[in-house]
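Quantities reported herein were computed from a predicted structural model and do not represent experimental measurements. The first residue in the sequence is number 1, and the count goes up from there. The figures that follow rest on heavy atoms only: side chains count, while hydrogens, waters and symmetry mates do not. Atoms within a ligand are numbered from 1 in the order they appear, just like the ligands themselves.
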Amino acid sequence: MSQPSVLFVCLGNICRSPLAEAALRAEAVAAGLALTIDSAGTGGWHAGQPPDSRAIAEAARHGIDISGYRARQVRPEDFQRFGQIFALDQQNLRDLRRIAPSALMGRSTARVSLLMDLVPGREGTAVIDPYGGSDEDFAETWSDVREAARRLVARMGG
Ligand code: 4NP
């Protein structure tokens, strides 16, 4: 059986979902859990670009180098390649659910849900988009995605 696979999806794939990817990679390594992890954006404007410099700086503050990550747009095959797809906010979730039924002519197998539903007390809430914000907003993004990553690893038996 192939190992569990997780895809994080935000709008641009340069701020929130790369940080979620980094947080889960770190938590999975710490827990000795083998996972396939990736991130993507519902939009393709930043495809091929590295993460936002403030996201790179926030990850670096936690000892993680994400400067080699490159943005990409969600693809139809993602709904079959990944077991779980987590949306960073409600609009991302709506967009994913709109894409999913037509992806692969209905052969989508991924479970699609809101990331913060993993965190008790935060169900139904967004990881706020920090793109137009400050360094503090990126720190809040990190705090949210790390908590969700910890919950996910615990749920997966890590
Ligand atoms: P992200 O943030 O979805 O967390 O990567 C954004 C990045 C870019 C844009 C919006 C949000 N944008 O409008 O280009």
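Using modelled atom types, one finds no donor on one side chain facing an acceptor on the other under 3.5 Å when comparing Thr109 with Gln80.
Here the protein heavy atom with the shortest distance to atom 1 (P) of ligand 1 is Cys10 SG, 3.5 Å. The single protein non-hydrogen atom nearest to atom 12 (N) of ligand 1 is Tyr131 CE2, 3.5 Å, given as residue, atom name and distance.
The nearest non-hydrogen atom to atom 14 (O) of ligand 1, considering only Gln91, Gln49, His46, comes from His46. Comparing Leu11, Asp129, Val9, Asp52 against atom 2 (O) of ligand 1, the shortest heavy-atom distance belongs to Asp129.
Listed by chain and number, the residues in a salt bridge (charged side-chain N to carboxylate O under 4.0 Å, His left out) with Arg97 amount to none (sequence neighbours excluded).
With salt bridges taken as basic N to acidic carboxylate O contacts below 4.0 Å, one links Arg25 and Glu21. Arg16 has a carboxylate O that lies under 4.0 Å from a charged side-chain N of Asp89, or vice versa, which qualifies the two as a salt bridge. Between Asp144 and Arg122 there is a salt bridge, since at least one side-chain N of the basic residue sits less than 4.0 Å from a carboxylate O of the acidic one.
Residue Cys15 has at least one nitrogen or oxygen atom sitting less than 3.5 Å from a nitrogen or oxygen atom of ligand 1, judged on distance alone. For the pair Ile14 and ligand 1, the shortest N or O to N or O distance falls below 3.5 Å. Annotation: Asn13 places an N or O atom under 3.5 Å from an N or O atom of ligand 1; distance criterion only.
The aromatic rings of His46 and Tyr131 sit perpendicular, their planes meeting at an angle over 60°, well past the 30° parallel limit.
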